[in-house]
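Basis for what follows: all heavy atoms, side chains included, without hydrogens, waters or symmetry-related copies. A note on names: the letters A, B, ... follow the listed sequences, proteins ahead of strands, and every chain is numbered from 1.
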Number of protein chains: 2
Amino acid sequence: MSKQTPLPVIAEECCAPLAREPISKDDAAELARILKAVADPVRLRLLSLIAARDEETCVCDLLPEFDLSQPTISHHLKTLREAGLIGSERRGTWVYSWVIPQALDRLSALFATSKEDTGVR
Amino acid sequence: MSKQTPLPVIAEECCAPLAREPISKDDAAELARILKAVADPVRLRLLSLIAARDEETCVCDLLPEFDLSQPTISHHLKTLREAGLIGSERRGTWVYSWVIPQALDRLSALFATSKEDTGVR
DNA sequence: GGGCTAATTAGATGCTCATCGATACAAGGA
DNA sequence: TCCTTGTATCGATGAGCATCTAATTAGCCC
């Protein structure tokens, strides 16, 4: 496909840790969309498989890990991409994917509860 | 209600950071269940409202924050409780809720990508 | 170009879930 | 004991989504 990486993409600067202050309605909606992307066993495994490698991962290497049709995997990857959690690029016949560490780190910070992490007083 | 806190509860010791090694099928399923609980705008706001306070939060104080029926809020709180993210207890007429910091910290650790946080060499 | 493989898109289906109104339960006070 | 207020459960409904098969697009090689 042509616009695999340049998709919508959210997960930009949002947000302060949940425990710091009540999150806004808008932030909650945006975060929920990102979290929905990871709230699925298949996508969690996909994300982990991709993240656990140092280099990019060929989609063709992901397929045999699942008892699912290829279109289904493609659909899940698209969901992860639209959530801004992974990037991907076609090179020749194959498509390669990689995680976007900043996106994961943002989620990590979101759930942090310790004073230092949340930036509380 | 009688068994508000002692509900199922998952989110125990699970799991290693996604980026450390490919997550197992079982872990993915368990994590997805927890993440589904936070992958909703209303529950995210509920969680944040409860977490942002130092003391327990009365459910009666949460209701006016939403344009939703009382049963709906009650249902969302139950979902958060069953995911092990909050605890709650009835005291007299009112029910009070609090976050379980360990559960949030586990999610935080799950998404961490930096070497130190993920425990990578 | 023709054919092959990898991946995406389209359309259909069945299940999960967010929400509601109505009802039941819990607990305190008159 | 009865009424009132706060919360939970029930049953129904409509929207969203995970999955499939079939068809289409992208790019390589002969």
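Between the side chain of B/S97 and the main chain of B/S88, no donor-acceptor pair closer than 3.5 Å is present. No donor-acceptor pair under 3.5 Å is formed between the side chain of A/R81 and the backbone N or O of A/H76. Side chain of A/R20 to main chain of B/S48: no donor-acceptor pair is present (N/O by atom type, distance under 3.5 Å, no hydrogens or angles).
Atom P of nucleotide D/dA15 and atom CZ of A/R33 are separated by 20 Å, given to the nearest angstrom. In this structure, NZ of B/K78 is placed 7 Å from P of D/dC10, rounded to the nearest angstrom. The distance between atom CH2 of B/W94 and atom P of D/dG6, rounded to the nearest whole Å, is 7 Å. Between A/F66 atom CZ and D/dA18 atom C1' the separation is 14 Å, expressed in whole Å. The interatomic distance linking A/E89 (CD) with D/dG27 (C1') rounds to 14 Å, in whole Å. For the pair A/I73 CD1 and C/dT8 P, the computed distance is 11 Å after rounding to whole Å. Atom pair B/L77:CG and D/dT7:C1' shows a separation of 10 Å (rounding to whole Å applied). One can place CD of B/E82 at 15 Å from P of C/dT16, the figure rounded to the nearest angstrom.
For C/dA18, the OP1/OP2 oxygens have a side-chain nitrogen or oxygen of B/R43 closer than 4.0 Å. For D/dC28, the OP1/OP2 oxygens have no side-chain nitrogen or oxygen of A/T93 closer than 4.0 Å. In this structure, A/S69 reaches the D/dC20 phosphate: one of its side-chain N or O atoms is under 4.0 Å from OP1 or OP2. A sub-4.0 Å separation between OP1 or OP2 of D/dT7 and a side-chain N or O of B/R81 is absent. For the pair A/S74 and C/dT8, the criterion of a side-chain N or O lying under 4.0 Å from OP1 or OP2 is met.
For A/H75, the side-chain atoms get nearest to D/dT19 when compared with the rest of C/dA18, D/dT7, D/dT19. Closest to the side chain of B/R90, from the set C/dA26, D/dA18, C/dA7, is C/dA26. With C/dC17, D/dC17, D/dT21 as the choices, the nucleotide that has an atom nearest any side-chain atom of A/K36 turns out to be D/dC17.
By the 6.0 Å and 45° rule, A/R90 does not stack over the aromatic ring of A/Y96.
Taking for each of A/D67 and A/G92 the nucleotide of DNA chain D with the nearest heavy atom, the 5'-most of the two is the partner of A/D67. Across the interface with DNA chain D, nearest-nucleotide mapping of A/T72 and B/T72 shows B/T72 to be the residue nearer the 5′ end.
Residue contacts shown for B/H76 are limited to sugar-phosphate atoms, with no base heavy atom under 4.0 Å away.
Ion pair A/R33/A/E82 not flagged as a salt bridge, since none of the NZ, NE, NH1 or NH2 atoms sits closer than 4.0 Å to an Asp/Glu carboxylate oxygen.
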